[in-house]
Amino acid sequence: MAVLCNQVGYLPKCRKTAVLTAGKHFKVIQAEPGQDDGQVVMEGDARDADVDAASGDHVHVADFSQITQEGTYYIQNESGERSHCFRIGQDVYRALQKDMTKALYYQRCGCGLQEAYAGVYEHPVCHAHKAVLWSDHSVEKEVSGGWHDAGDYGRYISPAAVAVGHLLYAYLLFPDSFKDSLNIPESGNGFPDVLNECRYELEWMLKMQDEEGGAYHKLTSERHADFIMPEEDHAQFYLFTVSSMATADYAASMALASRVYRAYDDDFADRLYEAAVRACGWLERYPEYVGFRNPESCNTGEYDDVCDLDERLWAAAEMLVITGEQKYQEQMDRLLKENLTKTDFGWTDVSGFAALAILTDESHRASAESVADLRGAVLAEADRLVAVAEQSGYGVAMEPEDYIWGSNMVVLNRGMLLVLAALVIEQEDRKNAYEQTALAQLDYLLGMNAVDYSYVTGYGDHACRNPHNRPTECDGIELPMPGWVSGGPFKTPCDEVGREHIPEGTPPMKCYLDHAACYSLNEITIYWNSPAIFVAAYFNGK
Ligand code: G3I
Ligand code: 9MR
Ligand code: ZN
C-alpha cells in the first residue's frame, strides 16, 4: 500500500491526514462503496516528512482537513495507487466505541453467553467451579465471574483494575458518549450499559479479597489452556498470593467505582467502598513492597512489577477524592516526592490515574503542591508527545524503542494522556495541539501505519482478523467478534511464529503479523480495548 489512511474515518471538524509512501501529489476522490471513479474534491501536494524512524519509510503527509463534507472518499497518489475507502462523518467512531465496549461482554466468565446477546458467539457457562488457594489446596473459594483477561482464560487483578479505571473515567468525563445500548442481559435496567458491563467485573473483584483485605494477585490455572472453548476448560483454578501491587490497584479501582455507582445504587457503592477501605487497611499494615512471581511450574500471566509506589499513589488519590481525609492527602504528598512518571495508564505503571483523579476532581481536595506537580507533569508529557508525534511521519507519538509487547496500549495510553492535557489546559492553541495529536493516535490505530492494518477487528477495509484469542480460534466462525484491539507491533517478537517470520532488523512499526499464534503481536486484552474506548469516547462528542 502506498497510501495509508484511517480506514474507519475522520471527523468533519478535525484534522485529516493520510500518508504517502510513494509520490507527492494526491487527489481526494469521492466514492460510493463498491463503485469506481467519482468526483475529485481536492488535489494537492503532500508535505515531505523525510524518513520515518520507526518504519524506515520515506513518507509524505497529505493534509485534507479542508474537506468537511460528510461522505465516503479515497485518496489516490500520482501513480494512480489508492488508499482504502474511508468516511468523513460526525459519527465515524460511534459504532466503533460501542463494539469495543461490547467486546468485553464476550469475555464474561462464569456464565453462558446467550444467543440473544452474543449471536453466533454464544457459548455455555465456563469456569464456574470453585478455585483453591495455591498455598493450601484444601481451601476452596467461590470466585467465579469477571472477564477473561485476554486470549487466555486467566483473571488478574491489576489488569482488571486498570481496565475498569479507563472505562469508569471515560464514563465520568464523557457520559454523553455512552448512551447506546450494548444489547447485554442488563440493558434497559436504568444504568448506562458501560456501568452494567463494568459491574460484571467489579462483582468478581469483590470476591478477590482475602480476610486481611489484601487482593489475590490472580486467579488462573497452573498452565495456559490448550486452544479449547472456555466451557471445555475444566482445569483447576488457583488463587495465587496477595501482592501489594494488586491490593493498591484494587483499593484505587474500588474507591473510584464506589464514587461512580453512588449515583445509581447506594448498596453497591457501599460494598465497593468497604472493599476499598479494607484494602487500604492492608496497605497501611504492609507498607513495604510485596511482589509476585510465578511459581516455577506455572506459565500463566505474571504481571510482575518491581515498584508498587505508583499503585499506592493511585489508591491514595482515589481515597482522597472520595473521603477528603487528611491522611490520604499526606500519603499523596509523600508519594509524589518519589521518582514516578505521573503520566502512565498501563498495568505496570498507573501513576497517570492519580493525575486523572486529582485534576478532574471538582472539589479540589488535594494540596496545592500536589495539583501543581501533577498538572506540570501531565502538560510536560503532553508537550513531549506532541513533539514526538511531529517527528513521526505517521503522526504517532511513538519512538522506535516504544514498540514493546502490546505497543497499541502505549499508543492509546498516550492518547489518553493527551486528552487529559486537553481537558486541563486553558490556552486554545495548546489544547488544539493536544487534541489533534490524541486523534492522530486513533488514525494510527485504524490504519494510518506502515503495515496498512486497522488494528481493530471488524473496523476498516483491511482490519486484522486473526487475533490470538482462544474462542476465536475454536468457535468455527470465520470472523472474530468485532471491536477487538490487537496488541500490535513488537520490535522483538517472542512467540514462535512471529520469531520465524519477522526477520531481525525489521523496523519496529513493521514487526507485526495478523496470525492467531502470535500472542506477542496479535493478542487481545481487556486493558488494550479500554484505553481505546476512553479516547474514542472523547472524540465521539466532537
Ligand atoms: O517495562 C519495560 C520497559 O522498561 C522496557 O523499556 C521495555 C523494553 O522491552 O520493556 C518493558 O517491559 C515489558 C513489559 O511487558 C511492560 O510493558 C516487557 O518487555 C514485555 O515483555 C512485557 O510484556 C507483557 C507480557 O504479558 C509478558 O509478560 C505484556 O505487557 C502483557 O500485556 C502480557 O500480558 C499477557 C498475560 O501475561 C497473560 N494474558 C495475556 C496478556 C497479553 O498478552
Ligand atoms: O495464550 C497465551 C497468551 O495469553 C499469553 O500471552 C502467552 C504468554 O504468556 O502465552 C500464551 O500461551 C502459550 C503458552 O505460553 C505456551 N504454549 C503455547 C500457548 C499458546 O500459544
Ligand atoms: Zn471462563
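Quick caveat: nothing in here was measured; it's all calculated off a predicted structure. If you read the sequence from its start, that first residue is 1, and numbering goes on from there. Whatever order the structure lists ligands and atoms in, that order sets their numbers, starting from 1.
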Checklist entry - Among side-chain atoms of Lys141 and Tyr216, is any donor-acceptor pair under 3.5 angstrom? => result yes

Next on the checklist: Looking at atom 17 (N) of ligand 2, tell me if a protein heavy atom falls under 4.0 Å from it.
Outcome noted: no

Item to check | Within-cutoff protein neighbour (heavy atom, under 4.0 Å) for atom 12 (O) of ligand 1 | outcome: no

Checklist entry - Is the shortest heavy-atom distance from the side chain of Tyr105 to the side chain of Asn183 under 4.5 Å? => result no

Checklist entry - Just checking, any donor-acceptor pair under 3.5 angstrom between side chains of Asp233 and His127? => result yes

Item to check | Non-hydrogen side-chain atoms of Met398 and Val388 separated by less than 4.5 Å | outcome: no

Item to check | Row check, Tyr403 ring normal vs Lys491 NZ/CZ: under 6.0 Å, within 45° | outcome: no

Checklist entry - side chain to side chain donor-acceptor pair (under 3.5 Å) with Tyr394: which of Asp443, Asp57, Asp52? => result Asp57

Item to check | Other residues, nucleotides, ligands: >12 heavy atoms within 6.0 Å of Arg271 CZ | outcome: yes

Checklist entry - Is atom 40 (C) of ligand 1 in close reach of the protein, with a heavy atom under 4.0 Å away? => result yes

Checklist entry - Between the side chains of Asn522 and Asn466, does any donor sit under 3.5 Å from an acceptor? => result no

Next on the checklist: Could you check whether any heavy atom of Arg470 sits closer than 4.0 Å to an atom of ligand 2, since that is the contact criterion I want to use?
Outcome noted: yes

Next on the checklist: If you scan the protein for heavy atoms around atom 27 (C) of ligand 1, do you find one that is closer than 4.0 Å?
Outcome noted: yes

Checklist entry - With only distance considered, is Asp152 within less than 3.5 Å of ligand 1 through an N or O on each side? => result yes

Item to check | Atom indices of ligand 2, in the order listed, that fall short of 4.0 Å to a heavy atom of Asn299 | outcome: 14 (C), 15 (O)

Item to check | Shortest heavy-atom approach to atom 7 (C) of ligand 2 - which of Phe227, Tyr519, Trp405 | outcome: Tyr519

Next on the checklist: Using a 4.0 Å cutoff against the non-hydrogen atoms of Glu523, which atoms of ligand 2 qualify?
Outcome noted: 3 (C), 4 (O), 5 (C), 6 (O)

Next on the checklist: Is it the case that the ring center of Tyr303 lies less than 6.0 angstrom away from the ring center of Tyr156?
Outcome noted: yes

Next on the checklist: Between Glu142 and Ser144, is there a side-chain donor-acceptor contact under 3.5 Å, judged purely by atom types and distance?
Outcome noted: yes

Checklist outcome for this item: protein heavy-atom neighbour closest to atom 37 (O) of ligand 1 works out as Gly301 CA, 3.1 Å

Item to check | Per-residue contact class, Tyr527 against ligand 1 - non-hydrogen pairs under 4.0 Å | outcome: side chain

Checklist entry - Mind checking whether Tyr153 has a heavy atom under 4.0 Å from ligand 2? => result no

Item to check | Protein contact to atom 15 (O) of ligand 1 [nearest heavy atom, distance to 0.1 Å] | outcome: Trp347 CZ2, 4.0 Å

Checklist entry - Do His166 and Phe353 make the cut of ring centroids closer than 6.0 angstrom? => result yes

Item to check | Interfacing atoms of ligand 1 (cut-off 4.0 Å, heavy-atom, Ala150) | outcome: 39 (N), 40 (C)

Checklist entry - Can you tell me which residue and heavy atom of the protein come closest to atom 20 (C) of ligand 1, and the distance to 0.1 Å? => result Trp405 CB, 4.1 Å

Checklist entry - Any protein heavy atom lying closer than 4.0 Å to atom 2 (C) of ligand 1? => result no

Checklist entry - With ring centroids as reference points, do His217 and Tyr250 lie under 6.0 angstrom apart? => result no

Checklist entry - Under 4.5 Å between any side-chain heavy atoms of Met416 and Val535, yes or no? => result yes

Checklist outcome for this item: Taking only non-hydrogen atoms of Trp528 and a 4.0 Å limit, the atoms of ligand 1 in range are 32 (O), 42 (C), 43 (O)

Checklist entry - Is the shortest distance from atom 20 (C) of ligand 2 to a protein heavy atom below 4.0 Å? => result yes

Checklist entry - Short check: is a protein heavy atom less than 4.0 Å from atom 6 (O) of ligand 1? => result no

Item to check | Shortest protein contact, atom 35 (C) of ligand 1 (heavy atom only) | outcome: Tyr303 OH, 3.6 Å

Checklist entry - Of all the non-hydrogen atoms in the protein, which one sits nearest to atom 2 (C) of ligand 2, and at what distance? => result His468 NE2, 3.5 Å

Item to check | Where ligand 2 meets Asp152 - atom numbers and elements under 4.0 angstrom, heavy-atom basis | outcome: 4 (O)

Item to check | Under 4.0 Å to a heavy atom of Thr525 - the qualifying atoms of ligand 1, by number | outcome: 42 (C)

Checklist entry - With backbone taken as N, CA, C and O and side chain as the heavy atoms from C-beta onward, which portion of Tyr403 lies under 4.0 Å from ligand 1: side chain, backbone, both, or neither? => result neither

Checklist entry - Are Trp282 and Tyr286 near enough that their ring centres are under 6.0 Å apart? => result yes

Checklist entry - Can you list the residues that meet the side chain to side chain contact (heavy atoms under 4.5 Å, CB included) rule with Ser520, with sequence neighbours excluded? => result Trp405, Phe490, Pro493, Cys494, Asp495

Item to check | Polar contact flag for Glu523 and ligand 1 (N/O pairs, less than 3.5 Å) | outcome: yes

Checklist outcome for this item: Out of Ile404, Asn299, Thr300, Asp402, the nearest non-hydrogen contact to atom 10 (O) of ligand 1 is supplied by Ile404

Checklist entry - What N/O/S atom of His148 is the closest to the Zn ion (ligand 3)? => result NE2

Checklist entry - Does His148 have its ring centroid less than 6.0 Å away from the ring centroid of Tyr106? => result no

Next on the checklist: Working to 10°, measure the angle at the Zn ion (ligand 3) formed by atom SG of Cys126 and atom ND1 of His127.
Outcome noted: 110°

Checklist entry - Where the closest heavy atom to atom 12 (O) of ligand 2 is concerned, which of Glu302, Glu496, His224 has it? => result His224

Item to check | Check: Phe534 ring centroid to Phe345 ring centroid under 6.0 Å | outcome: no

